[in-house]
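To start, the structure itself, in structure tokens.
Counting begins at 1 with the first residue of the sequence.
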Amino acid sequence: MDIYTIIFLALAVFIFIRLRSVLGQRTGRERPPYDPYSRDGARQTPPATDKVVTLPKRNADAPGTDPSTVPGDDSTAFPADAEPARFRWEGVATPGTPLAAALDEVAVAEPDFDGQHFLTGAKAAYEMIVLAFANGDRRALKDLLSKDVYDGFVAAITDRESRGETMESRFISIDKAELVDASVRGRTAQVTVRFVSQLITATRGRDGNIVDGSPDTVADVTDVWTFARDLGARDPNWKLVATEAAA
């Protein structure tokens with residue numbers, strides 16, 4: 001036998017001894033593994049006399065029970081297996097407020113409704129509507145506004161065009177978009193958003209001179225807009241149903 005064979009044999013003996021000490025020995029008295037799908041599964045459950053300690057059950061139905069701790073026989077609290085549920089409207093509403101309750105009503109009809117996702121879409125709609133109004137783009141406005149708001153916007157555009165005026169608008173930034181109100185009436189949900197933005201707006205007359213605003217001045221603008229949608233409808237778009245300029 002060469003030196004390598006001796007080394008391999010020594011390693012094999014060492015590994016066998018280690019495995020034996022870790023895994024233990026079979027004595028012939030081992031209980032077969034429990035199989036919940038077998039016919040005799042119930043009989044394979046360890047009997048109460050087999051030194052099995054049963055922990056007190058959690059009373060999930062008891063009002064006022066804190067799931068994070070459950071006292072045992074010695075009044076020792078056991079930590080909960082799962083973390084407390086995260087507040088669904090975190091970042092868009094405060095727990096216990098009418099706004100949070102109204103958003104809960106929206107979620108009953110549409111479980112996939114997401115407040116942050118809604119705000120992202122509202123910001124995009126806000127910018128599109130402001131620019132479409134400035135450009136006199138009636139077609140773009142029609143898909144984003146309710147009939148009453150659309151009629152009002154078109155009347156303003158038509159009046160502006162009759163005077164030969166043109167309007168220029170450019171967004172610098174939308175600094176804030178926050179939910180301020182929500183309600184559910186029947187199958188219709190309304191959500192109000194407060195926008196704070198920086199905008200450059202100028203209106204030129206027929207001769208090209210500035211008649212309102214300034215092409216060089218950035219104005220701080222605050223708008224409060226309300227969007228509505230029929231819950232459960234196939235059309236996922238929310239439409240602007242009311243506008244208000246805040247101070």
Side-chain angles (χ1 to χ4, degrees), residues 92 98-99 102-103 105-106 110 113 115 117-215 217-247:
V92 298
L99 174 59
L103 293 176
E105 289 188 57
V106 175
E110 295 195 356
F113 177 81
H117 181 72
F118 173 85
L119 281 176
T120 299
K123 289 169 64 176
Y126 175 64
E127 185 170 351
M128 290 174 62
I129 291 170
V130 169
L131 297 180
F133 174 75
N135 297 329
D137 189 345
R138 296 169 173 81
R139 184 174 182 178
L141 291 172
K142 192 170 186 178
D143 294 333
L144 298 169
L145 312 180
S146 68
K147 185 180 185 307
D148 290 342
V149 176
Y150 174 77
D151 290 343
F153 275 43
V154 169
I157 293 172
T158 301
D159 184 53
R160 185 176 69 208
E161 292 173 343
S162 68
R163 297 192 302 269
E165 296 175 352
T166 57
M167 187 176 183
E168 304 168 0
S169 291
R170 180 161 58 94
F171 273 95
I172 302 302
S173 64
I174 299 179
D175 299 326
K176 182 182 291 185
E178 58 180 350
L179 300 185
V180 295
D181 194 18
S183 63
V184 178
R185 298 177 181 177
R187 296 293 298 174
T188 301
Q190 290 191 354
V191 180
T192 302
V193 184
R194 179 174 177 266
F195 298 98
V196 178
S197 62
Q198 291 187 323
L199 188 67
I200 294 177
T201 301
T203 302
R204 297 181 184 273
R206 197 182 303 272
D207 56 3
N209 293 326
I210 301 296
V211 296
D212 188 33
S214 170
T217 302
V218 178
D220 294 324
V221 180
T222 300
D223 288 309
V224 179
W225 286 13
T226 300
F227 299 87
R229 178 174 178 269
D230 290 335
L231 298 175
R234 290 186 176 182
D235 184 1
N237 295 322
W238 293 72
K239 291 191 175 184
L240 180 64
V241 296
T243 64
E244 177 185 351

Main chain of [Y], side chain of [X]: is a donor-acceptor contact present, judged purely on distance under 3.5 Å?
X	Y	result
Asn135	Leu131	yes
Glu168	Ala134	no
Arg138	Tyr150	no

For the [atom1] atom of [X] and the [atom2] atom of [Y], what is their distance to the nearest 0.5 Å?
X	Y	atom1	atom2	result
Phe153	Thr243	CZ	OG1	5.0 Å
Asp151	Lys142	CG	NZ	9.5 Å
Arg163	Thr203	CZ	OG1	8.5 Å
Leu231	Arg229	CG	CZ	6.5 Å
Arg204	Glu165	CZ	CD	12.0 Å

Discussion item. Once you measure the plane-to-plane angle for Phe227 and Phe118, does it fall in the parallel (<30°), tilted (30-60°) or perpendicular (>60°) bin?
Written reply: perpendicular

Discussion item. Around atom CE of Met128, are there more than 12 heavy atoms from other residues, nucleotides or ligands closer than 6.0 Å?
Written reply: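 Result for CE/Met128: open.
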
State, to 0.1 Å, how close [X] and [Y] come at their nearest heavy-atom pair, and which atoms those are.
X	Y	result
Lys239	Leu145	CD-O, 3.6 Å
Ala228	Thr188	CB-CG2, 4.4 Å
Phe113	Trp238	CE1-CZ2, 3.7 Å
Ile174	Tyr126	CD1-CD2, 3.9 Å
Pro215	Ile200	O-CG2, 3.6 Å
Val106	Ala189	CG2-CB, 4.0 Å

Sub-4.5 Å side-chain heavy-atom contact between [X] and [Y]:
X	Y	answer
Val193	Trp225	no
Asn237	Asp143	no
Leu240	Leu144	no
Thr201	Val221	no
Glu127	Phe195	no

Fill in: Distance-only polar pair, side chains of Ser146 and Asp148, donor-acceptor under 3.5 Å
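Absent: no donor and acceptor within the cut-off.
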
For residues 176-183, which side-chain donor-acceptor pairs fall under 3.5 Å, sequence neighbours excluded?
| residue | atom | partner | partner atom | Å |
| --- | --- | --- | --- | --- |
| Glu178 | OE2 | Arg194 | NH1 | 3.0 |

